[in-house]
Amino acid sequence: MDKFNKIKQLVGKTPMIEYSPNIYVKFEVYNPTGSIKDRIVFYILEKFIDTILKNKPTIIEASSGSTGIAVAFASSLLGCPCKIIMPSNMSIERKNMIKMFGAELIEVSAGDFEGAIQLRNQLANENKDTFFSINQFHNPLNIQCHYQTTANEIVEYFQQNPHLTFPDTIISGVGTGGTIMGVSKRLREINPNLKVVIIEPAESNVFSGGALGKHKIQGIGDGNTYLLDMDIVDEIIEIKSEDAVSRCKKMYREGFYVGISSAAYILAAEDYLSRNPDAHIITFMCDTGSKYMSII
């Protein structure tokens with residue numbers, strides 16, 4: 001528990017960066033495992049910490065990578081066994097990080113996120129007394145975490161800098177949908193006219209009614225809306241994988257060692273700003289670039 005509490009102090013409170021005029025970025029790379037997913041994992045586990053410490057369950061999750069890494073990491077701090085279920089086409093760096101923290105990695109078919117979730121549910125249900133499921137794709141605590149932490153940090157930043165214009169647009173990809181739902185809910189309490197823009201890989205136009213395709217922007221566009229309520233969405237921007245990878249390389253040389261999805265977010269923000277030059281945008285750099293070297 002002492003290890004968990006010490007590291008929990010490092011989760012969140014990440015910097016805000018003005019990437020370019022009117023584009024502000026929450027820099028989530030500074031979380032312990034280098035991703036925004038540390039927030040929800042530590043938040044959910046803390047809610048059940050007494051039961052977890054008493055029973056030492058096997059902590060299980062289905063993930064494209066970043067949540068799996070965070071779960072494996074937190075499980076190691078708590079001294080709990082861990083199983084992560086992941087589609088086989090995720091980057092080797094993600095897989096290695098999960099195994100490095102001592103978790104068992106179970107792979108399903110490439111791109112089969114629904115299969116990963118089904119297997120997680122099956123194992124959790126068959127072992128109710130000994131397993132604990134994070135359940136990121138359907139857990140309302142995911143949204144609550146971002147409402148109470150990520151969003152409040154954004155609000156506090158602009159309150160502490162009153163010379164800056166509060167965001168009128170939020171742009172984000174959708175993995176579980178927890179970030180966009182939680183943050184937009186809180187920001188709309190300050191600015192009811194906030195525009196909500198989501199990003200999808202052009203090769204995987206699920207939200208636009210197309211079929212799930214192959215793409216390299218891992219962590220978003222995985223084939224379902226999950227926690228996302230499409231009624232809050234004002235616009236969808238498609239980003240090509242090759243453009244996101246190219247921009248990612250450019251961002252490395254600019255000093256931003258971030259993942260491919262972060263580059264996609266910046267491309268989408270620039271696209272939106274080119275059409276709405278008076279917009280003030282908040283977006284995210286969700287994770288570190290170290291998970292994507294084999295793809296880049």
Side-chain angles (χ1 to χ4, degrees), residues 10-39 63-70 72-73 86-87 89-101 150 153-154 157 169-175 179-180 183 197-204 214-222 237-274 281-296:
L10 303 177
V11 177
K13 303 179 184 66
T14 54
M16 186 80 77
I17 297 169
E18 185 179 11
Y19 179 80
S20 59
N22 292 13
I23 298 178
Y24 289 86
V25 174
K26 201 76 166 82
F27 194 68
E28 294 297 302
V29 178
Y30 279 8
N31 282 298
T33 71
S35 105
I36 195 171
K37 297 299 186 178
D38 285 337
R39 289 181 181 267
S63 173
S64 64
S66 289
T67 302
I69 292 166
F73 175 64
M86 176 189 291
N89 60 317
M90 297 299 102
S91 73
I92 189 65
E93 292 89 352
R94 289 180 172 211
K95 296 176 185 179
N96 285 340
M97 288 182 73
I98 287 168
K99 290 185 282 188
M100 179 183 70
F101 290 126
T150 320
E153 291 170 25
I154 293 170
Y157 176 82
T169 307
I170 181 171
I171 297 179
S172 177
V174 179
T179 302
I180 193 76
V183 176
V197 179
I198 63 171
I199 305 162
E200 64 177 354
E203 302 86 355
S204 180
K214 295 181 179 180
H215 65 88
K216 294 182 179 180
I217 312 175
Q218 294 188 6
I220 67 173
D222 294 334
I237 296 177
E238 292 187 1
I239 300 295
K240 294 179 181 178
S241 290
E242 61 185 56
D243 292 340
V245 170
S246 177
R247 184 54 177 270
C248 195
K249 293 177 182 178
K250 182 174 184 285
M251 289 173 70
Y252 290 170
R253 295 188 291 271
E254 294 174 343
F256 295 100
Y257 187 45
V258 295
I260 301 170
S261 65
S262 300
Y265 290 19
I266 294 299
L267 287 171
E270 290 173 344
D271 173 76
Y272 186 87
L273 195 61
S274 71
I281 298 167
I282 184 73
T283 189
F284 308 89
M285 291 184 182
C286 292
D287 68 349
T288 176
S290 61
K291 303 171 187 175
Y292 306 96
M293 290 298 96
S294 59
I295 299 173
I296 296 292

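As the structure is a computational prediction, the values presented were derived from the model and not from experiment. What you see below is based on every heavy atom in this structure, not just the backbone, and it leaves out hydrogens, waters and symmetry mates.
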Response to the item:
Sorted by chain and residue number, the side-chain hydrogen bond (donor to acceptor under 3.5 Å, both in side chains) partners of Thr283 (sequence neighbours excluded) come out as none

Practice prompt. Applying side-chain hydrogen bond (donor to acceptor under 3.5 Å, both in side chains), name anything that partners Thr14, two or more places apart in sequence or on another chain.
Written response: Lys26, Glu28, Arg39

Worksheet item: With sequence neighbours excluded, what pairs up with Ser290 under the side-chain contact (heavy atoms from CB on, under 4.5 Å) test?
Response: Tyr257, Thr288

Worksheet entry | Heavy-atom pair with the smallest gap, counting every atom of Ile296 and Tyr252 | CG1-OH, 4.0 Å

Discussion item. Within the structure provided, determine whether Ile98 and Met86 are in side-chain contact (heavy-atom separation under 4.5 Å).
Written reply: yes

Discussion item. So Ile220 and Val174, do their side chains get closer than 4.5 Å, heavy atoms only?
Written reply: no

Worksheet, complete the sentence: ring pair (Phe, Tyr, Trp, His ring centres under 6.0 Å) filter on Tyr292, not counting sequence neighbours, yields none

Response to the item:
Applying side-chain hydrogen bond (donor to acceptor under 3.5 Å, both in side chains) to Glu270 and not counting sequence neighbours gives Arg247

Response to the item:
dist Ile198:CD1 -> Ile170:CD1 (nearest 0.5 Å) comes out at 11.5 Å

Worksheet item: Say you draw a straight line from OG of Ser246 to CG of Leu267; how long is it, rounded to the nearest 0.5 Å?
Response: 8.5 Å

Fill in: Of all pairs that satisfy salt bridge (Lys or Arg N to Asp or Glu O under 4.0 Å), the ones with a partner from residues 253-268, not counting sequence neighbours
Lys250-Glu254

Fill in: Residues that Asp271 engages under salt bridge (charged side-chain N to carboxylate O under 4.0 Å, His left out), provided they are two or more places apart
Arg275

Fill in: Any side-chain heavy-atom pair of Leu10 and Asn31 under 4.5 Å
no

Worksheet entry | Reported OH-to-CD1 distance for the pair Tyr19 and Ile266, which is rounded to 0.5 angstrom | 5.5 Å

Worksheet entry | Those residues that, when tested against Phe27, pass ring pair (Phe, Tyr, Trp, His ring centres under 6.0 Å) (two or more places apart) | Tyr30

Worksheet entry | Nearest non-hydrogen partners of Ser262 and Cys286, listed with the distance | OG-N, 3.0 Å

Worksheet entry | Shortest non-hydrogen contact from Ile237 toward Ala268 | CD1-O, 3.6 Å

Worksheet item: Which atom names give the shortest non-hydrogen contact between Gly68 and Ser63, and what distance separates them?
Response: N-OG, 2.9 Å

Worksheet entry | Contacts of Gln218 that satisfy side-chain hydrogen bond (donor to acceptor under 3.5 Å, both in side chains) - sequence neighbours left out | none

Item to complete: Return the minimal non-hydrogen interatomic distance between Ala263 and Cys248, and the atom names on each side.
Response: CB-N, 3.5 Å

Worksheet item: With sequence neighbours left out, which residue pairs that include part of residues 282-296 fulfil the salt bridge (Lys or Arg N to Asp or Glu O under 4.0 Å) condition?
Response: Arg94-Asp287, Asp287-Lys291

Fill in: Which atom of Val197 lies closest to which atom of Ile180, heavy atoms considered
O-CD1, 4.3 Å

Item to complete: Would you mind reporting whether Val258 and Met251 have side-chain heavy atoms less than 4.5 Å apart?
Response: yes

Worksheet entry | ring pair (Phe, Tyr, Trp, His ring centres under 6.0 Å) partners of Phe73, counting only residues at least two apart | Phe101

Worksheet item: Rounded to the nearest 0.5 Å, how far does CD1 of Ile23 lie from CD1 of Ile281?
Response: 5.0 Å

Worksheet item: Looking at OH of Tyr265 and CE of Met285, how far apart are the two atoms once the value is rounded to the nearest 0.5 Å?
Response: 12.0 Å

Worksheet item: Excluding sequence neighbours, so at least two apart, what forms salt bridge (charged side-chain N to carboxylate O under 4.0 Å, His left out) with Lys95?
Response: Glu107

Worksheet item: Say you draw a straight line from CZ of Phe284 to CD1 of Ile36; how long is it, rounded to the nearest 0.5 Å?
Response: 5.5 Å

Practice prompt. Using a 4.5 Å cut-off on heavy atoms from C-beta on, say whether the side chain of Ile17 contacts that of Phe256.
Written response: yes

